[in-house]
Amino acid sequence: MNAIALGLSRARYETRVYFRQGDTVFFTFLFPIVMLSIFSVAFSAAGNFGTNPDGSGGITAAAFYVPGMIAAGILLSGVQNLAVDIAVERGDGTLKRLGGTPLPVVSYFIGKIGQVLITSLAQVALLLLIARFAFNVALPTDGGKWLTFVWVYLLGIMTSAVLGIALSRIPRSGKSATAVIIPIVLVLQFISGVYLQFSQLPTWLQNVASVFPLKWMAQGMRSVFLPESFARVEQNGSWDLGLVALVLAIWLVAGLVAARFTFRWIRKDS
Amino acid sequence: MTSPESHVTVRDLRKQYGSFTALDGVSFDIERGETFALLGPNGAGKSTTIEILEGYRDRSAGEANVLGVDPQHGGLGWKARLGIVLQSSGESGNVTVKEQLSHFAGFYPNPRDVDEVIAAVGLTEKAKTRIKSLSGGQRRRVDVALGVIGRPELLFLDEPTTGFDPEARREFWELIRSLKREGTTILLTTHYLDEAAQLSDRAGVIAGGRLIDIGRIDEIGDADARTPVVRWRDQNGPHEERTTEPAGVVARLYAATGGAEPGNLEIIRPSLEDVYLGLVGAHDATATKKELA
(Lines give C-alpha, C1' and ligand atoms only; values in the text may rest on other atoms or scores of the structure.)
Protein backbone atom coordinates (compact mmCIF):
# COMPACT_ATOMS: atom_id res chain seq x y z
CA MET A 1 0.00 0.00 0.00
CA ASN A 2 1.27 3.46 -0.74
CA ALA A 3 1.32 6.39 1.66
CA ILE A 4 -1.96 7.88 0.38
CA ALA A 5 -3.92 4.63 0.58
CA LEU A 6 -2.52 4.03 4.07
CA GLY A 7 -3.52 7.59 4.99
CA LEU A 8 -7.11 6.91 3.89
CA SER A 9 -7.13 3.71 5.93
CA ARG A 10 -5.89 5.77 8.90
CA ALA A 11 -8.69 8.33 8.32
CA ARG A 12 -11.33 5.60 8.52
CA TYR A 13 -9.75 4.21 11.68
CA GLU A 14 -9.34 7.64 13.29
CA THR A 15 -12.92 8.68 12.54
CA ARG A 16 -14.25 5.46 14.05
CA VAL A 17 -12.19 6.02 17.21
CA TYR A 18 -13.25 9.71 17.39
CA PHE A 19 -16.93 8.92 17.63
CA ARG A 20 -16.28 6.25 20.27
CA GLN A 21 -14.82 8.82 22.67
CA GLY A 22 -17.64 10.45 24.57
CA ASP A 23 -15.62 13.44 25.75
CA THR A 24 -14.39 14.54 22.31
CA VAL A 25 -17.84 14.09 20.84
CA PHE A 26 -19.22 16.45 23.46
CA PHE A 27 -16.49 19.08 23.87
CA THR A 28 -15.43 19.27 20.26
CA PHE A 29 -18.24 17.97 18.10
CA LEU A 30 -21.40 19.09 19.89
CA PHE A 31 -19.97 22.14 21.69
CA PRO A 32 -20.70 24.78 18.99
CA ILE A 33 -24.17 23.32 18.52
CA VAL A 34 -24.86 23.49 22.25
CA MET A 35 -23.51 27.06 22.39
CA LEU A 36 -25.61 28.13 19.41
CA SER A 37 -28.70 26.76 21.12
CA ILE A 38 -27.89 28.50 24.41
CA PHE A 39 -27.20 31.88 22.81
CA SER A 40 -30.22 31.67 20.55
CA VAL A 41 -32.52 30.93 23.46
CA ALA A 42 -30.85 33.30 25.92
CA PHE A 43 -30.96 36.34 23.63
CA SER A 44 -34.26 35.56 21.93
CA ALA A 45 -36.13 37.94 24.25
CA ALA A 46 -33.60 40.76 23.81
CA GLY A 47 -34.87 41.60 20.34
CA ASN A 48 -33.16 41.41 16.98
CA PHE A 49 -29.55 42.25 16.13
CA GLY A 50 -28.75 45.05 13.67
CA THR A 51 -32.19 46.66 13.74
CA ASN A 52 -33.08 49.97 12.06
CA PRO A 53 -33.21 53.10 14.26
CA ASP A 54 -36.97 52.60 14.62
CA GLY A 55 -36.45 49.06 15.96
CA SER A 56 -37.67 47.27 12.83
CA GLY A 57 -35.71 44.73 10.72
CA GLY A 58 -32.54 43.05 11.89
CA ILE A 59 -31.90 39.36 12.40
CA THR A 60 -32.57 36.93 15.24
CA ALA A 61 -29.93 35.95 17.79
CA ALA A 62 -29.75 32.49 16.19
CA ALA A 63 -29.06 33.95 12.75
CA PHE A 64 -26.50 36.32 14.23
CA TYR A 65 -24.56 33.55 15.98
CA VAL A 66 -24.51 30.98 13.13
CA PRO A 67 -21.33 32.26 11.40
CA GLY A 68 -19.38 32.59 14.67
CA MET A 69 -20.34 29.10 15.79
CA ILE A 70 -19.33 27.61 12.43
CA ALA A 71 -15.95 29.32 12.77
CA ALA A 72 -15.64 28.08 16.36
CA GLY A 73 -16.49 24.57 15.19
CA ILE A 74 -13.73 24.75 12.57
CA LEU A 75 -11.25 25.82 15.24
CA LEU A 76 -12.36 23.16 17.72
CA SER A 77 -12.42 20.32 15.19
CA GLY A 78 -8.96 21.21 13.97
CA VAL A 79 -6.88 22.88 16.64
CA GLN A 80 -8.41 21.66 19.89
CA ASN A 81 -9.22 18.17 18.66
CA LEU A 82 -5.83 17.42 17.09
CA ALA A 83 -3.58 19.26 19.55
CA VAL A 84 -5.12 17.37 22.47
CA ASP A 85 -5.52 14.09 20.62
CA ILE A 86 -1.93 13.92 19.39
CA ALA A 87 -0.49 15.06 22.74
CA VAL A 88 -2.47 12.30 24.45
CA GLU A 89 -1.29 9.78 21.84
CA ARG A 90 2.28 10.85 22.48
CA GLY A 91 1.74 10.42 26.23
CA ASP A 92 -0.02 7.05 26.22
CA GLY A 93 2.33 5.22 23.87
CA THR A 94 0.19 5.22 20.69
CA LEU A 95 2.76 7.24 18.75
CA LYS A 96 5.64 5.17 20.05
CA ARG A 97 3.92 2.03 18.82
CA LEU A 98 3.16 3.57 15.41
CA GLY A 99 6.74 4.86 15.20
CA GLY A 100 7.96 1.26 15.41
CA THR A 101 5.90 0.22 12.38
CA PRO A 102 6.47 1.06 8.70
CA LEU A 103 3.62 3.61 8.76
CA PRO A 104 4.84 6.80 7.00
CA VAL A 105 4.44 10.04 8.99
CA VAL A 106 2.59 11.56 6.02
CA SER A 107 -0.03 8.78 6.18
CA TYR A 108 -0.52 9.52 9.86
CA PHE A 109 -1.06 13.20 8.98
CA ILE A 110 -3.48 12.33 6.18
CA GLY A 111 -5.40 10.17 8.66
CA LYS A 112 -5.65 12.99 11.18
CA ILE A 113 -6.61 15.63 8.62
CA GLY A 114 -9.11 13.23 7.06
CA GLN A 115 -10.69 12.62 10.46
CA VAL A 116 -10.88 16.39 11.04
CA LEU A 117 -12.49 16.94 7.64
CA ILE A 118 -15.10 14.22 8.05
CA THR A 119 -16.06 15.11 11.62
CA SER A 120 -16.10 18.83 10.91
CA LEU A 121 -18.28 18.45 7.81
CA ALA A 122 -20.75 16.45 9.87
CA GLN A 123 -20.59 19.13 12.56
CA VAL A 124 -21.25 22.03 10.17
CA ALA A 125 -24.09 20.13 8.48
CA LEU A 126 -25.70 19.43 11.85
CA LEU A 127 -25.23 23.04 12.93
CA LEU A 128 -26.87 24.36 9.78
CA LEU A 129 -29.74 21.87 10.04
CA ILE A 130 -30.43 22.89 13.62
CA ALA A 131 -30.17 26.60 12.75
CA ARG A 132 -32.54 26.16 9.84
CA PHE A 133 -35.14 23.87 11.38
CA ALA A 134 -34.94 24.45 15.13
CA PHE A 135 -34.29 28.21 15.08
CA ASN A 136 -35.79 29.05 11.71
CA VAL A 137 -32.68 30.81 10.39
CA ALA A 138 -32.91 31.67 6.69
CA LEU A 139 -29.83 30.32 4.91
CA PRO A 140 -28.30 32.04 1.87
CA THR A 141 -29.86 31.20 -1.46
CA ASP A 142 -27.20 32.87 -3.58
CA GLY A 143 -24.66 30.48 -5.19
CA GLY A 144 -21.88 33.05 -4.82
CA LYS A 145 -22.34 33.07 -1.04
CA TRP A 146 -22.02 29.29 -0.92
CA LEU A 147 -18.88 29.46 -3.06
CA THR A 148 -17.40 31.84 -0.46
CA PHE A 149 -18.53 29.40 2.24
CA VAL A 150 -16.71 26.51 0.54
CA TRP A 151 -13.34 28.24 0.21
CA VAL A 152 -13.43 29.90 3.63
CA TYR A 153 -14.41 26.55 5.14
CA LEU A 154 -11.73 24.53 3.35
CA LEU A 155 -8.98 27.05 3.99
CA GLY A 156 -10.11 27.37 7.60
CA ILE A 157 -10.32 23.65 8.33
CA MET A 158 -6.95 22.87 6.69
CA THR A 159 -5.30 25.70 8.62
CA SER A 160 -6.89 24.51 11.88
CA ALA A 161 -5.82 20.92 11.27
CA VAL A 162 -2.15 21.70 10.61
CA LEU A 163 -2.05 24.16 13.51
CA GLY A 164 -3.50 21.44 15.73
CA ILE A 165 -0.70 19.07 14.70
CA ALA A 166 1.90 21.77 15.32
CA LEU A 167 0.46 22.78 18.71
CA SER A 168 0.44 19.16 19.91
CA ARG A 169 4.15 19.58 20.64
CA ILE A 170 3.49 22.15 23.36
CA PRO A 171 1.87 20.13 26.20
CA ARG A 172 4.60 18.35 28.17
CA SER A 173 2.36 15.37 28.83
CA GLY A 174 -0.88 13.84 27.66
CA LYS A 175 -2.48 14.62 31.01
CA SER A 176 -1.76 18.35 30.73
CA ALA A 177 -2.91 18.54 27.11
CA THR A 178 -6.46 19.80 27.68
CA ALA A 179 -5.26 22.24 30.38
CA VAL A 180 -2.76 23.77 27.95
CA ILE A 181 -4.82 23.80 24.75
CA ILE A 182 -8.35 24.66 25.86
CA PRO A 183 -7.48 28.10 27.36
CA ILE A 184 -5.76 29.12 24.11
CA VAL A 185 -8.78 28.12 22.06
CA LEU A 186 -11.24 29.66 24.51
CA VAL A 187 -9.49 33.05 24.65
CA LEU A 188 -9.38 33.12 20.84
CA GLN A 189 -13.11 32.48 20.69
CA PHE A 190 -13.84 35.37 23.04
CA ILE A 191 -11.66 37.91 21.21
CA SER A 192 -12.43 36.80 17.65
CA GLY A 193 -16.13 37.55 17.42
CA VAL A 194 -17.57 34.11 18.22
CA TYR A 195 -19.38 34.83 21.50
CA LEU A 196 -19.01 38.62 21.68
CA GLN A 197 -19.90 40.93 18.84
CA PHE A 198 -16.55 41.74 17.22
CA SER A 199 -17.45 45.34 16.34
CA GLN A 200 -18.09 46.13 20.01
CA LEU A 201 -14.60 45.09 21.18
CA PRO A 202 -12.01 47.85 21.79
CA THR A 203 -9.87 48.56 18.74
CA TRP A 204 -6.66 47.36 20.34
CA LEU A 205 -8.28 43.99 21.14
CA GLN A 206 -9.59 43.78 17.58
CA ASN A 207 -6.03 44.34 16.38
CA VAL A 208 -4.70 41.59 18.64
CA ALA A 209 -7.39 39.19 17.40
CA SER A 210 -6.52 40.09 13.80
CA VAL A 211 -3.15 38.39 14.17
CA PHE A 212 -4.84 35.02 14.67
CA PRO A 213 -6.79 33.00 12.13
CA LEU A 214 -10.09 32.60 13.99
CA LYS A 215 -11.05 36.27 13.54
CA TRP A 216 -10.71 35.83 9.77
CA MET A 217 -12.66 32.59 9.65
CA ALA A 218 -15.48 34.23 11.60
CA GLN A 219 -15.38 37.28 9.33
CA GLY A 220 -15.47 35.11 6.20
CA MET A 221 -18.44 33.18 7.60
CA ARG A 222 -20.23 36.43 8.52
CA SER A 223 -19.91 37.51 4.89
CA VAL A 224 -21.80 34.34 3.91
CA PHE A 225 -24.54 34.25 6.54
CA LEU A 226 -25.19 37.88 7.56
CA PRO A 227 -27.00 40.50 5.45
CA GLU A 228 -24.83 42.93 3.46
CA SER A 229 -25.83 45.75 5.82
CA PHE A 230 -23.66 44.16 8.54
CA ALA A 231 -20.50 44.71 6.49
CA ARG A 232 -20.22 48.35 7.49
CA VAL A 233 -19.58 47.48 11.18
CA GLU A 234 -16.56 45.35 10.22
CA GLN A 235 -13.11 46.78 10.94
CA ASN A 236 -12.66 48.29 7.49
CA GLY A 237 -16.35 48.70 6.75
CA SER A 238 -16.31 45.73 4.38
CA TRP A 239 -15.95 41.91 4.49
CA ASP A 240 -12.35 42.12 3.27
CA LEU A 241 -12.43 38.64 1.73
CA GLY A 242 -9.05 39.13 0.08
CA LEU A 243 -7.47 39.69 3.47
CA VAL A 244 -9.36 36.67 4.88
CA ALA A 245 -7.79 34.50 2.18
CA LEU A 246 -4.33 35.99 2.66
CA VAL A 247 -4.15 35.68 6.47
CA LEU A 248 -5.54 32.14 6.45
CA ALA A 249 -3.12 31.12 3.70
CA ILE A 250 -0.17 32.49 5.68
CA TRP A 251 -1.26 30.54 8.78
CA LEU A 252 -1.80 27.42 6.67
CA VAL A 253 1.74 27.52 5.28
CA ALA A 254 3.25 28.38 8.67
CA GLY A 255 1.29 25.54 10.29
CA LEU A 256 2.34 23.06 7.60
CA VAL A 257 6.01 23.95 7.99
CA ALA A 258 5.81 23.79 11.80
CA ALA A 259 3.91 20.47 11.74
CA ARG A 260 6.30 18.91 9.25
CA PHE A 261 9.49 19.96 11.00
CA THR A 262 8.51 19.59 14.65
CA PHE A 263 6.62 16.31 14.51
CA ARG A 264 8.36 13.35 16.17
CA TRP A 265 6.86 9.97 17.02
CA ILE A 266 8.46 10.19 20.45
CA ARG A 267 10.41 12.68 22.50
CA LYS A 268 13.82 11.11 22.00
CA ASP A 269 15.85 10.50 25.13
CA SER A 270 13.30 11.90 27.53
CA MET B 1 32.99 -7.14 11.42
CA THR B 2 29.34 -8.13 10.88
CA SER B 3 29.01 -11.71 9.80
CA PRO B 4 26.23 -12.32 7.29
CA GLU B 5 24.58 -14.64 9.80
CA SER B 6 24.35 -11.93 12.44
CA HIS B 7 20.99 -10.18 12.76
CA VAL B 8 22.17 -7.91 15.56
CA THR B 9 25.69 -6.70 16.21
CA VAL B 10 26.52 -4.39 19.09
CA ARG B 11 30.05 -3.16 19.79
CA ASP B 12 31.08 -1.08 22.78
CA LEU B 13 27.66 0.53 23.01
CA ARG B 14 27.50 3.58 25.27
CA LYS B 15 24.65 5.80 26.36
CA GLN B 16 25.07 8.90 28.44
CA TYR B 17 22.20 10.93 29.98
CA GLY B 18 23.94 14.06 31.23
CA SER B 19 26.43 12.82 33.78
CA PHE B 20 24.64 9.47 34.18
CA THR B 21 26.10 6.55 32.25
CA ALA B 22 23.23 4.23 31.37
CA LEU B 23 25.29 1.93 29.13
CA ASP B 24 29.00 1.54 29.50
CA GLY B 25 30.51 -0.47 26.69
CA VAL B 26 28.08 -3.29 25.87
CA SER B 27 28.96 -5.75 23.08
CA PHE B 28 27.12 -8.81 21.79
CA ASP B 29 25.84 -10.51 18.64
CA ILE B 30 22.59 -12.26 17.90
CA GLU B 31 22.68 -14.83 15.14
CA ARG B 32 19.94 -15.30 12.59
CA GLY B 33 17.20 -17.51 14.08
CA GLU B 34 18.59 -17.28 17.58
CA THR B 35 16.64 -16.33 20.69
CA PHE B 36 18.73 -14.13 22.94
CA ALA B 37 17.66 -13.05 26.42
CA LEU B 38 18.88 -9.88 28.05
CA LEU B 39 18.68 -10.20 31.83
CA GLY B 40 19.35 -7.72 34.56
CA PRO B 41 17.81 -5.80 37.43
CA ASN B 42 15.56 -2.75 36.90
CA GLY B 43 17.54 0.24 35.69
CA ALA B 44 20.47 -1.91 34.57
CA GLY B 45 20.21 -0.78 30.95
CA LYS B 46 18.14 -3.55 29.32
CA SER B 47 15.46 -1.26 27.96
CA THR B 48 17.98 1.39 26.92
CA THR B 49 19.82 -1.25 24.91
CA ILE B 50 16.69 -2.63 23.27
CA GLU B 51 15.36 0.88 22.47
CA ILE B 52 18.64 1.84 20.82
CA LEU B 53 18.37 -1.27 18.65
CA GLU B 54 14.71 -0.50 17.82
CA GLY B 55 15.71 3.00 16.66
CA TYR B 56 13.88 4.85 19.46
CA ARG B 57 17.03 6.21 21.11
CA ASP B 58 20.32 7.45 19.75
CA ARG B 59 23.49 5.97 21.17
CA SER B 60 26.24 8.17 22.58
CA ALA B 61 29.07 6.02 21.24
CA GLY B 62 29.86 2.59 19.88
CA GLU B 63 28.41 0.67 16.97
CA ALA B 64 25.07 -0.98 16.40
CA ASN B 65 23.83 -2.93 13.44
CA VAL B 66 20.35 -4.41 13.14
CA LEU B 67 19.45 -6.45 10.04
CA GLY B 68 22.37 -4.82 8.24
CA VAL B 69 21.26 -1.25 9.07
CA ASP B 70 22.35 1.34 11.62
CA PRO B 71 19.15 1.68 13.72
CA GLN B 72 19.67 5.44 14.00
CA HIS B 73 19.04 5.63 10.25
CA GLY B 74 16.52 2.82 9.76
CA GLY B 75 13.86 3.66 7.16
CA LEU B 76 10.37 2.28 6.62
CA GLY B 77 11.64 -0.75 4.71
CA TRP B 78 13.79 -1.64 7.70
CA LYS B 79 10.93 -1.15 10.15
CA ALA B 80 8.79 -3.50 8.04
CA ARG B 81 11.22 -6.33 8.88
CA LEU B 82 11.02 -5.73 12.64
CA GLY B 83 8.42 -6.62 15.23
CA ILE B 84 8.45 -4.54 18.39
CA VAL B 85 6.69 -5.36 21.63
CA LEU B 86 7.35 -2.45 23.95
CA GLN B 87 6.89 -2.45 27.69
CA SER B 88 3.20 -2.15 28.36
CA SER B 89 1.54 1.16 27.52
CA GLY B 90 -1.74 2.86 28.36
CA GLU B 91 -3.42 3.46 25.03
CA SER B 92 -7.13 4.25 25.13
CA GLY B 93 -8.07 1.11 23.19
CA ASN B 94 -11.33 2.24 21.60
CA VAL B 95 -11.03 -0.38 18.87
CA THR B 96 -11.66 -4.09 18.93
CA VAL B 97 -8.86 -6.66 18.87
CA LYS B 98 -9.68 -7.58 15.30
CA GLU B 99 -10.00 -3.97 14.09
CA GLN B 100 -6.62 -3.12 15.60
CA LEU B 101 -4.84 -6.12 14.09
CA SER B 102 -6.46 -5.72 10.66
CA HIS B 103 -5.46 -2.04 10.67
CA PHE B 104 -1.85 -2.73 11.63
CA ALA B 105 -1.60 -5.64 9.19
CA GLY B 106 -2.20 -3.05 6.46
CA PHE B 107 1.10 -1.32 7.29
CA TYR B 108 3.19 -4.34 6.29
CA PRO B 109 4.00 -5.74 2.85
CA ASN B 110 3.51 -9.40 3.80
CA PRO B 111 1.45 -9.65 7.00
CA ARG B 112 0.27 -12.79 8.74
CA ASP B 113 -3.37 -13.81 8.67
CA VAL B 114 -5.21 -11.71 11.26
CA ASP B 115 -7.46 -14.51 12.54
CA GLU B 116 -4.53 -16.90 12.83
CA VAL B 117 -2.55 -14.40 14.90
CA ILE B 118 -5.57 -13.75 17.14
CA ALA B 119 -5.90 -17.51 17.64
CA ALA B 120 -2.18 -17.88 18.32
CA VAL B 121 -2.36 -15.40 21.22
CA GLY B 122 -5.51 -17.08 22.50
CA LEU B 123 -7.91 -14.18 21.94
CA THR B 124 -10.35 -15.71 19.42
CA GLU B 125 -13.17 -15.35 21.97
CA LYS B 126 -12.26 -11.69 22.46
CA ALA B 127 -11.73 -10.73 18.80
CA LYS B 128 -14.76 -8.43 18.79
CA THR B 129 -14.11 -6.93 22.21
CA ARG B 130 -12.73 -3.41 22.52
CA ILE B 131 -9.16 -3.45 23.75
CA LYS B 132 -9.95 -1.17 26.69
CA SER B 133 -12.33 -3.80 28.08
CA LEU B 134 -9.63 -6.50 28.18
CA SER B 135 -7.70 -7.51 31.28
CA GLY B 136 -4.06 -6.48 31.64
CA GLY B 137 -2.80 -9.88 30.55
CA GLN B 138 -5.14 -9.93 27.53
CA ARG B 139 -4.01 -6.45 26.47
CA ARG B 140 -0.44 -7.67 26.67
CA ARG B 141 -1.34 -10.49 24.30
CA VAL B 142 -2.68 -7.89 21.87
CA ASP B 143 0.71 -6.15 22.13
CA VAL B 144 2.43 -9.41 21.25
CA ALA B 145 -0.01 -10.01 18.38
CA LEU B 146 0.73 -6.52 16.99
CA GLY B 147 4.44 -7.30 17.27
CA VAL B 148 4.19 -10.41 15.10
CA ILE B 149 1.43 -9.39 12.65
CA GLY B 150 3.96 -8.06 10.12
CA ARG B 151 5.84 -11.39 9.92
CA PRO B 152 9.05 -9.91 11.36
CA GLU B 153 12.50 -11.34 10.74
CA LEU B 154 13.60 -9.93 14.08
CA LEU B 155 11.27 -9.65 17.06
CA PHE B 156 11.96 -7.48 20.11
CA LEU B 157 10.11 -8.52 23.27
CA ASP B 158 10.55 -6.14 26.20
CA GLU B 159 9.18 -7.90 29.30
CA PRO B 160 6.40 -9.53 27.28
CA THR B 161 4.73 -11.62 29.97
CA THR B 162 4.35 -9.06 32.76
CA GLY B 163 0.86 -9.53 34.18
CA PHE B 164 0.30 -13.01 32.68
CA ASP B 165 -1.05 -15.80 34.81
CA PRO B 166 1.04 -19.02 34.78
CA GLU B 167 -1.17 -20.69 32.19
CA ALA B 168 -1.03 -17.67 29.86
CA ARG B 169 2.74 -17.61 30.20
CA ARG B 170 2.98 -21.24 29.13
CA GLU B 171 0.75 -20.55 26.13
CA PHE B 172 2.91 -17.56 25.29
CA TRP B 173 6.02 -19.72 25.42
CA GLU B 174 4.41 -22.07 22.89
CA LEU B 175 3.75 -19.11 20.60
CA ILE B 176 7.38 -17.98 20.86
CA ARG B 177 8.61 -21.51 20.16
CA SER B 178 6.47 -21.64 17.01
CA LEU B 179 7.91 -18.29 15.85
CA LYS B 180 11.35 -19.69 16.56
CA ARG B 181 10.62 -22.77 14.46
CA GLU B 182 9.74 -20.44 11.57
CA GLY B 183 13.20 -18.93 11.91
CA THR B 184 12.37 -15.64 13.63
CA THR B 185 15.29 -14.06 15.47
CA ILE B 186 14.20 -12.91 18.93
CA LEU B 187 15.65 -10.49 21.46
CA LEU B 188 13.89 -10.89 24.79
CA THR B 189 14.17 -9.04 28.08
CA THR B 190 12.48 -10.57 31.07
CA HIS B 191 12.47 -10.67 34.85
CA TYR B 192 11.40 -14.29 34.82
CA LEU B 193 14.54 -16.36 34.72
CA ASP B 194 12.61 -19.57 34.07
CA GLU B 195 11.20 -17.85 30.99
CA ALA B 196 14.68 -17.05 29.72
CA ALA B 197 15.77 -20.62 30.47
CA GLN B 198 12.73 -22.04 28.64
CA LEU B 199 12.96 -19.89 25.54
CA SER B 200 16.40 -18.60 24.85
CA ASP B 201 19.49 -20.14 23.31
CA ARG B 202 21.82 -17.64 24.90
CA ALA B 203 21.59 -14.90 27.50
CA GLY B 204 23.48 -11.81 28.50
CA VAL B 205 23.36 -10.35 31.99
CA ILE B 206 23.46 -6.56 32.30
CA ALA B 207 24.12 -4.76 35.58
CA GLY B 208 25.04 -1.13 36.07
CA GLY B 209 25.19 -0.55 32.30
CA ARG B 210 27.75 -3.30 31.71
CA LEU B 211 27.41 -6.77 30.27
CA ILE B 212 28.72 -8.84 33.16
CA ASP B 213 28.22 -12.23 31.54
CA ILE B 214 27.10 -13.75 28.28
CA GLY B 215 26.79 -17.29 27.07
CA ARG B 216 24.55 -20.30 26.55
CA ILE B 217 21.94 -20.64 29.27
CA ASP B 218 23.78 -23.65 30.71
CA GLU B 219 27.09 -21.81 30.61
CA ILE B 220 26.17 -18.54 32.32
CA GLY B 221 28.04 -17.85 35.55
CA ASP B 222 31.42 -19.33 36.52
CA ALA B 223 31.91 -23.03 37.11
CA ASP B 224 31.63 -22.57 40.88
CA ALA B 225 28.24 -20.92 40.65
CA ARG B 226 26.91 -23.89 38.67
CA THR B 227 28.30 -26.52 41.03
CA PRO B 228 25.56 -28.56 42.70
CA VAL B 229 25.02 -28.13 46.42
CA VAL B 230 24.25 -30.89 48.93
CA ARG B 231 22.34 -29.74 52.01
CA TRP B 232 21.42 -31.70 55.09
CA ARG B 233 20.83 -31.28 58.78
CA ASP B 234 22.19 -33.14 61.82
CA GLN B 235 22.44 -32.52 65.56
CA ASN B 236 24.96 -29.69 64.87
CA GLY B 237 22.49 -27.81 62.64
CA PRO B 238 22.30 -27.28 58.85
CA HIS B 239 25.22 -28.15 56.55
CA GLU B 240 25.93 -27.40 52.94
CA GLU B 241 28.64 -28.65 50.61
CA ARG B 242 29.37 -27.60 47.03
CA THR B 243 30.53 -30.57 45.04
CA THR B 244 30.82 -31.86 41.52
CA GLU B 245 30.13 -35.34 42.90
CA PRO B 246 26.94 -35.02 44.94
CA ALA B 247 26.21 -38.75 44.91
CA GLY B 248 29.64 -39.40 46.43
CA VAL B 249 29.01 -36.87 49.18
CA VAL B 250 25.67 -38.44 50.01
CA ALA B 251 27.19 -41.92 50.05
CA ARG B 252 29.92 -40.73 52.41
CA LEU B 253 27.38 -39.08 54.69
CA TYR B 254 25.30 -42.21 54.76
CA ALA B 255 28.30 -44.34 55.61
CA ALA B 256 29.47 -41.90 58.31
CA THR B 257 26.15 -41.94 60.15
CA GLY B 258 26.10 -45.70 60.07
CA GLY B 259 23.03 -45.98 57.87
CA ALA B 260 20.93 -43.30 59.58
CA GLU B 261 19.02 -41.08 57.16
CA PRO B 262 20.47 -37.52 57.13
CA GLY B 263 17.81 -34.90 57.95
CA ASN B 264 16.32 -32.65 55.20
CA LEU B 265 18.68 -34.07 52.59
CA GLU B 266 18.67 -32.10 49.31
CA ILE B 267 20.80 -32.03 46.20
CA ILE B 268 20.39 -28.71 44.41
CA ARG B 269 21.53 -27.92 40.91
CA PRO B 270 21.65 -24.11 40.79
CA SER B 271 18.95 -22.76 38.46
CA LEU B 272 19.55 -19.86 36.10
CA GLU B 273 17.93 -17.74 38.78
CA ASP B 274 20.49 -18.78 41.43
CA VAL B 275 23.35 -18.19 39.01
CA TYR B 276 21.91 -14.84 37.98
CA LEU B 277 21.39 -13.65 41.55
CA GLY B 278 24.96 -14.69 42.34
CA LEU B 279 26.28 -12.71 39.36
CA VAL B 280 24.29 -9.56 40.07
CA GLY B 281 25.07 -9.78 43.80
CA ALA B 282 28.78 -10.06 43.08
CA HIS B 283 28.57 -7.08 40.71
CA ASP B 284 26.76 -4.96 43.31
CA ALA B 285 29.37 -5.84 45.92
CA THR B 286 32.23 -4.75 43.63
CA ALA B 287 30.40 -1.57 42.65
CA THR B 288 29.90 -0.67 46.33
CA LYS B 289 33.57 -1.36 47.08
CA LYS B 290 34.61 0.93 44.23
CA GLU B 291 32.35 3.70 45.50
CA LEU B 292 33.79 3.42 49.00
CA ALA B 293 37.38 3.41 47.72
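Lettering follows sequence order; numbering is per chain, from 1. Just so it is clear, the model here is predicted, and its values are computed rather than measured.
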Within a reach of under 6.0 Å around [atom1] of [X], are more than 12 heavy atoms found that belong to other residues, nucleotides or ligands?
X       : atom1 : answer
R210(B) : CZ    : no
I4(A)   : CD1   : no
E125(B) : CD    : no
R177(B) : CZ    : yes
R132(A) : CZ    : yes

For chain B, the option from L98(A), T101(A), V88(A) that forms the most heavy-atom pairs under 4.5 Å: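 Among L98(A), T101(A), V88(A), the one with the most close pairs to chain B is T101(A).
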
For each of K79(B), E91(B), E99(B), tally heavy-atom pairs with chain A at distances under 4.5 Å, and name the one with the top tally.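 Heavy-atom pair counts peak at E91(B).
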
Measure across F107(B) and P102(A) and return the closest heavy-atom pair with its distance rounded to 0.1 Å.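 Scanning both residues completely, I find the closest heavy atoms to be O-CG, 3.4 Å.
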
Quick one, K96(A) with E51(B), criterion salt bridge (charged side-chain N to carboxylate O under 4.0 Å, His left out). Give me CA distance, side-chain angles, the key distance, then yes/no. CA-CA 11 Å; K96(A) 189 169 186 181; E51(B) 292 205 343; 2.6 Å; yes

Part of E54(B) lying under 4.5 Å from any heavy atom of chain A: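 Nothing of E54(B), per the 4.5 Å heavy-atom cut-off to chain A.
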
Considering only heavy atoms, which portion of R130(B) lies under 4.5 Å from any heavy atom of chain A: side chain, backbone, both, or neither?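 Side chain only.
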
Distance in Å, H103(B) NE2 paired with L6(A) CG, rounded so as to fall on 0.5 Å steps: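 It is 8.0 Å, given to the nearest 0.5 Å.
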
Go through the atoms of R10(A) and report whether side chain, backbone, both or neither lie under 4.5 Å from a heavy atom of chain B.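 R10(A) touches chain B through backbone and side-chain heavy atoms alike.
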
Considering only heavy atoms, which portion of R20(A) lies under 4.5 Å from any heavy atom of chain B: side chain, backbone, both, or neither?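 Interface part for R20(A): both.
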
Any side-chain heavy atom of F104(B) within less than 4.5 Å of one from L103(A)?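 SC-SC contact between F104(B) and L103(A) ruled out.
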
